Amino acid sequence: MEKLITNFNYVIVVILMMIGLWAMLAQKNLIKKCIGMPIFQTGIILFFISIGAKNKAKVPILSKFVVENSSAIIVNDYANPLTQILMLTAIVVGVATLGVGLALAQKIYQQHSSFDEDEILENQRK
Amino acid sequence: MGFLGYILISTGLVFFLGTTIGLLRFPDFYTRMHAAGKGDTLSTVMILLGCICLVSMSWLLALKILLIINFIFIGSPTATHAMMDAGNKAGATPWRKDSK
Amino acid sequence: MNTFITAAGVALIGLMLLVLIRAIKGPTVIDRLVAINVIGTKSIVLLLFAGILFGQLEMFVDIALGYGLLNYIVSIAASRYYQHRKSLEPEHSPGGSPVS
Amino acid sequence: MSALPIWQFDVLLLMLVLLFAVVALSIRNLMGAAVVFGAYSFMMCLIWAGMGAVDVAFTEAAVGAGVSTVFVVSTLYNTGATMQRRTGGLAFKLFIGVVVTVAGAFLLSALPDFPKWGAPDSPVNATVAPYYILNTFEDAHVHNIVTSVLADYRGFDTLLETTVVFIACIAIYSIMRVDNAKLETDEPAIVAAPRYDPSDSLIVRQASRFMVPFMQLFALYVIAHGHYSPGGGFQGGVILGASLILLAISFDLKFLLRQWSEKTLMLLVAAGVFLYAAVGLACVFMGGNYLDYGFLDSVLPGERDMARSHGILLVEIGVGITVMFSMIAIHINLASNGRFDRGL
């Protein structure tokens, strides 16, 4: 129970991933599926960012003062940059893949004039 | 200077409270838009000005925040206009006294 | 000062929650759009508050500036959408709109 | 050092973000769902900022406010779907819910083994990451550690991510693009949108005309100043793309296509990746490894560390070009239904 409070971020991560996965599997509407995909994705991004966050740390940008006086850099003053760059690219790639999903949905709508999975399947059987 | 900052931020929060109440309580889209369009812009501008007064910062930083205020001052009323236009074109009906 | 900013930020988030009620309830899409626009403008303020609390405002002000510039694109897109598609109906009465 | 992490904000915002996710999925009107999804992205941006990930927050801000919602809106515009069909299938939804909950329970069972939230001595923070923090200024003369890791230490990763954006753009192009000449005979156009409409709002057009130059100037600043403050090719590219998308929305798609023809757009999408790869190849010719910018010091001004700094700038420009034009190409494809003549 105590872990539930200190590791609160992971709980949110898991719940976000569950919501996204549920939306992608259970929602019949293609647009809703396309919205569920980024929710799942932000769950994973939140996992990475929150695992790299440090208590009482600043943003990972060296200040002019530290650099010019060549004073020792204290590692724990800066948040983890590595997890951040892994996720930074993932966001832009995510919006590009969202575009691919929407393009597919739009093409399917042109064929079947519906976003609904059941109707599309019915149309195909005819 | 700091005192002015506290006052400006508090006033901005009060205006935002007004916006929120207006958004929640007004009966139709146009009146809600009235509350949101005016109160939102004004409260944001006030809080940002309060930030400039409250925190000691370089002039470049203050200029950047003033630029944000400038863009909000142009962008937010444009958005309000566009949404009002959208509501009008889409056929949102205005509230009348005799409508329920 | 930090306590005041923290309190103001928590108050802003609380008021945003109230605005979210309009986004959940809002009978038409346009109502939701108004609420979301208000939330977007207030995110700019919250970003600046985060910058003040971190003590590194110069790093956060760029993000806020980007938000200030980009915040109204969605409203204009929605206005274009409703210029050509007159399909504004409360969700609980589907009426004659194309259901899919 | 008044470094104060704002966990109290974060806990509130994390609750709020769950609420937004649920609301976005439960609204039956698709346009409403798209709009609320935009606000979900605002909240996420605030959370990243609260955890000190400013670059990620910037990317999320540019993507969430500028492009992703507009993509969904243009898809809805071209299809004309407004409402989700009210389907039964409650048993199916519940079954999926149970499956997902079981999967989530498995993940949650690992909860006690994770390091504490914000612990500085967790394996992630204590093994590899300190090297970057300690050495980035000596190696590459860059203040922003994220930029140097992005474009220099992990340059391969970013090159391939840029390629993924490029490939996604190509995929959308090949899915959506239709031949205008054939279209009339094959099937009737689903949307009979009017052409340029003079009754468009003058206010919106004038405001866009005022804002777009500032947006582009700001985006160039973001790309160039990414060494010292949050920013870089991805953020600047998305803002540049959003500025042209704003032009296309507030004027007309034709207005944009008069200046950027279809061919130019697609060539420029490829040109960004090409610039990135070419900088890497130039390093090979100068005698170093692929993407080892230090060996460009005879071409670029400065010593080896400054050469790395300038190499990073070149690479960021390449990323910016690809991201900008792929965002525009994706928008035009989605908004015009692949016809490249008119649309949202």
Side-chain angles (χ1 to χ4, degrees), chain B residues 2 5-6 9-10 12-13 16-17 19-21 23-24 26 28-30 32-33 35-37 39-41 43-44 46-48 50-52 54-55 57-58 60-62 64-65 67-93, chain C residues 1 4-5 7-8 11-12 14-19 21-23 25-31 33-35 37-42 44-46 48-49 51-52 55 57-58 61-62 64-89:
Chain B
Y6 286 120
I9 291 181
S10 314
L13 280 176
F16 187 41
L17 181 68
T19 307
T20 315
I21 294 173
L23 260 179
L24 286 176
F26 276 148
D28 75 333
F29 162 66
Y30 296 102
R32 275 174 217 144
M33 198 71 243
D40 186 36
T41 313
S43 64
T44 311
M46 281 190 139
I47 296 176
L48 292 187
C51 286
I52 296 180
L54 195 59
V55 186
M57 57 176 80
S58 64
L60 188 66
L61 207 51
K64 271 184 184 170
I65 296 181
L67 271 179
I68 298 177
I69 292 175
N70 180 26
F71 293 138
I72 287 175
F73 230 92
I74 295 163
S76 191
T78 311
T80 310
H81 165 79
M83 280 188 285
M84 197 67 108
D85 203 31
N88 189 20
K89 291 223 167 84
T93 45
Chain C
M1 189 185 78
F4 177 71
I5 294 287
L12 266 183
L15 287 175
M16 270 161 76
L17 248 172
L18 289 178
V19 174
I21 294 176
R22 176 50 67 198
K25 254 172 60 180
T28 58
V29 178
I30 302 280
D31 291 304
L33 194 63
V34 174
N37 208 46
V38 171
I39 290 177
T41 323
K42 285 298 167 288
I44 300 172
V45 176
L46 274 177
L48 283 186
F49 280 2
I52 293 172
L57 191 56
E58 67 275 12
V61 80
D62 280 353
L65 190 49
Y67 248 132
L69 283 165
L70 297 175
N71 198 20
Y72 74 120
I73 292 184
V74 175
S75 317
I76 290 176
S79 127
R80 287 286 289 193
Y81 177 89
Y82 283 110
Q83 259 177 12
H84 303 303
R85 310 212 149 266
K86 313 206 180 318
S87 57
L88 191 70
E89 273 137 26

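Everything quoted here is computed from the prediction, not taken from an experiment. Below, chains carry the letters A, B, ... as their sequence lines are ordered, and counting in each starts from 1. Any value given below was found using the heavy atoms of this structure, including those in side chains, with hydrogens, waters and symmetry copies removed.
Only the backbone of C:Ala78 comes within contact range of chain B, with heavy atoms under 4.5 Å apart. Both the backbone and the side chain of B:Leu17 come within contact range of chain C, judged by heavy atoms closer than 4.5 Å. Interface residue C:Leu48: only side-chain heavy atoms are found under 4.5 Å from chain B. Of the two parts of C:Asn71, neither the backbone nor the side chain holds a non-hydrogen atom closer than 4.5 Å to a non-hydrogen atom of chain B. Residue contact with chain B, scored on non-hydrogen atoms closer than 4.5 Å, involves the side chain of C:Ile5 exclusively.
Atom OG1 of B:Thr19 sits about 6.5 Å away from atom NZ of C:Lys42, to the nearest 0.5 Å. We find the CG-OG distance between B:Asn88 and C:Ser79 to be 11.0 Å, quoted to the nearest 0.5 Å. Distance check, rounded to the nearest 0.5 Å: CG of B:Asp85 to CD1 of C:Ile76 gives 10.5 Å. In this structure, the separation between OG1 on C:Thr41 and CD1 on B:Ile47 is 11.0 Å, given to the nearest 0.5 Å. If you take OG1 on B:Thr20 and CG on C:Leu18, they are separated by 6.0 Å, rounding to the nearest 0.5 Å. Here the straight-line distance linking atom CG of C:Leu65 with atom NZ of B:Lys64 works out to 7.5 Å at 0.5 Å rounding.
Residue B:Ala86 comes nearest to C:Tyr82 through the heavy atom pair O-CB, 3.8 Å, listed as atom of the first residue, atom of the second, then distance. Between C:Ala35 and B:Leu23 the shortest heavy-atom distance is CA-CD1, 4.4 Å. B:Met57 approaches C:Leu57 most closely through the heavy-atom pair CE-CD2, 3.6 Å. The two residues C:Ile30 and B:Gly87 come nearest to each other via the heavy atoms CD1-N, 4.0 Å. Heavy atoms only, all atoms of each residue included: C:Val38 and B:Ala36 are closest at CG2-CB, 3.9 Å.
Comparing B:Leu48, B:Leu54, B:Leu67 by how many heavy-atom pairs each has under 4.5 Å with chain C, the most go to B:Leu54. The candidate with the highest count of non-hydrogen atom pairs below 4.5 Å against chain B, out of C:Asp31, C:Val45, C:Val19, is C:Asp31.
You'll find the side chain of C:Phe4 reaches within 4.5 Å of the side chain of B:Ile9, heavy atoms only. Using a 4.5 Å cut-off on side-chain heavy atoms (C-beta onward), C:Phe49 and B:Cys51 make contact.
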>> I'd like to know whether B:Phe29 forms a side chain to side chain contact (heavy atoms under 4.5 Å, CB included) with C:Val34, so could you lay out the CA-CA distance, the side-chain angles of the two residues, the decisive distance to 0.1 Å, and finally the verdict.
In response: CA-CA 9 Å; B:Phe29 162 66; C:Val34 174; 3.7 Å; yes
